[in-house]
Amino acid sequence: MTAGEYNECVKQHADDVYRFAWKSLRSEEDARDVVQHAFEILWRNLHQVSSDKCKSYLFTIAHRKCIDFYRTNKVTADIDKLDFNNYVQNHDHSGLKKALETALNQLPLEQKNLVLLKDVEGYNYEEIAQITELSLSQVKVYLFRARKQLQKILEVYQYKV
Amino acid sequence: MMVIDKENIEMYLMMLSDGELDEREIKVVMDFLNNHPEYQEMLDDFQKVKLSTESILFPEIELLYKEKIETNVIVKPDSPKQNVFAYLNWKTISSAAAILLMAIFTTVLFVNNDMPDEVEATIASEQSNKSLQNVAEQTDDSHLPMLEHNKHKSESVVVLQQTKRKSLIAANDAPIAINKPQNVERNLVVEGRNEQPTIAIENPFNDNGSSSVVAVQDVTLNKPTVDNTYAKENRLEQYPLVKEASEHLKEKVEIAKNIVSELNNTSIQFAFGNKRIKIK
């Protein structure tokens, strides 16, 4: 990859990596650090990464960094602390969206990142397995658990999906 | 062959909602749903918990861009530099310069001097400088005609002598030549420390056909005091040669003085095989 291709990679994927990190960590400051770290690593290893692989490379680094932040900050999911009152009262599309995001934040980070990579970033299972360094069957199982957990969270708080 | 049952239908429904099945698998799942419509609601639940995409901009994207000076050049930040000058440190450069300087100095010494096996070349002392300078100053140049003088040729006296001899022959005068004039210059410089330089004047065209010394002139005198009628008659022909020698002596003295002043506090000693050269 050349410096020009790197800049093109920044232009095309910086916002995506930031969105993924921001939704994963729920911290704007931490998300900025993740993006800076990911592109710094990409610049250091520019000769090892082809331009068509730069996006998955960036998300791999961002995923690892998010896991590090998650473990360092001791972020834990606590379903009992959820406050769905506002969402339950407004059973419209915007309310469902916010309820899903709130429920998503209660998932373990590994499962949460899988859902984000699939639904928000649009990766298929094989690409997610490559990014998260999991097997394809693990990706399927973890995603299934995450989907079922989201359904369960919304049902518990009487938000019938 | 893909087999769908009640144990794995949920997984296939999730994969169907995620778009991870091919046409054949989709057909199998849809056939199963047609046979078991109670699972249709489960498929809807998977589709509803899917997140939607939204646009979020990274506010510090300008900080990520790199300068494009290396566009179209593969950047290898972790690779060692391929610059050949990276291997030339100051030690290598100084060693090369010292070797080059020694080679030039040795070449100059071998060309300008007869190298004995063991040479201890000492720059002319102050006394010898004065002696040589006196020789040049005592030479009377007032009666000498203009001469073409090549300052860069040490053999200029020889050229002058040959030219003069040809003109004398053409005029049918008594030819005069200075025997080995190049030695005159060297003797004046090297041996001038202990004895007065002399110029041997001979007539190479005598009756016998052999060269013979006809006059010995002391160049330290203001005027040549040659006790020889032949030399007196041809005094004008001697003056240019003496003039040439004196001019050359002056230049040599100046060069020697400059060298002494430059290398007064310098001492270099080096050896080539069995030849050892010491310069103080």
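Chain letters run A, B, ... following the sequence lines, proteins first and then strands; every chain starts at 1.
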Check whether any side-chain heavy atom of B:Glu60 lies under 4.5 Å from a side-chain heavy atom of A:Gln36, and answer yes or no.
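In short, these two side chains touch, coming nearer than 4.5 Å.
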
Would you check if A:Leu104 and B:Leu51 make a side-chain contact, meaning some heavy-atom pair closer than 4.5 Å?
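They are in contact (side-chain heavy atoms under 4.5 Å apart), so the answer is yes.
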
Choice from B:Met14, B:Met15, B:Glu20 maximising heavy atom contacts with chain A below 4.5 Å:
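Most pairs with chain A among the choices: B:Glu20.
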
Heavy-atom distances under 4.5 Å only: say whether B:Ser17 touches chain A with side chain, backbone, both or neither.
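The answer is neither part of B:Ser17.
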
Side chain from CB out, backbone as N, CA, C, O: work out which of these in [X] comes under 4.5 Å of a heavy atom of chain B, or both, or neither.
| X | result |
| --- | --- |
| A:Tyr125 | both |
| A:Leu143 | both |
| A:Phe144 | both |
| A:Lys140 | both |

B:Phe46 vs A:Lys148, test: side-chain contact (heavy atoms from CB on, under 4.5 Å). Steps then yes/no.
CA-CA 8 Å; B:Phe46 276 114; A:Lys148 297 299 288 184; 3.9 Å; yes

When rounded to the nearest 0.5 angstrom, what is the spacing between [atom1] in [X] and [atom2] in [Y]?
| X | Y | atom1 | atom2 | result |
| --- | --- | --- | --- | --- |
| A:His13 | B:Ile61 | NE2 | CD1 | 11.0 Å |
| B:Phe58 | A:Trp22 | CZ | CH2 | 14.0 Å |
| A:Trp43 | B:Tyr65 | CH2 | OH | 13.5 Å |
| A:Arg147 | B:Lys50 | CZ | NZ | 4.5 Å |

Flag if over 12 foreign heavy atoms under 6.0 Å of CD, B:Glu7
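Count not over threshold, so no.
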
Test side-chain contact (heavy atoms from CB on, under 4.5 Å) applied to A:Asp15 and B:Ile56, step by step
CA-CA 6 Å; A:Asp15 294 336; B:Ile56 298 177; over 6 Å; no

Which pair of heavy atoms, one from A:Ala14 and one from B:Leu64, lies closest together, and at what distance?
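It is CB-CD1, 3.9 Å.
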
Does the A:Asn7 side chain pair with the main chain of B:Lys66, one donor and one acceptor, at a distance under 3.5 Å?
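Yes.
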
Is there a donor-acceptor pair under 3.5 Å between the side chain of A:Arg19 and the backbone N or O of B:Glu54?
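A pair under 3.5 Å: yes.
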
Apply the test side-chain contact (heavy atoms from CB on, under 4.5 Å) to residues A:Asp119 and B:Asp18: give CA-CA distance (whole Å), side-chain angles for both, the deciding distance (0.1 Å), then the verdict.
CA-CA 8 Å; A:Asp119 292 347; B:Asp18 286 340; 4.3 Å; yes

Option in A:Glu126, A:Lys11, A:Glu101 with maximal non-hydrogen atom pairs under 4.5 Å from chain B:
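Most heavy-atom pairs under 4.5 Å with chain B: A:Lys11.
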
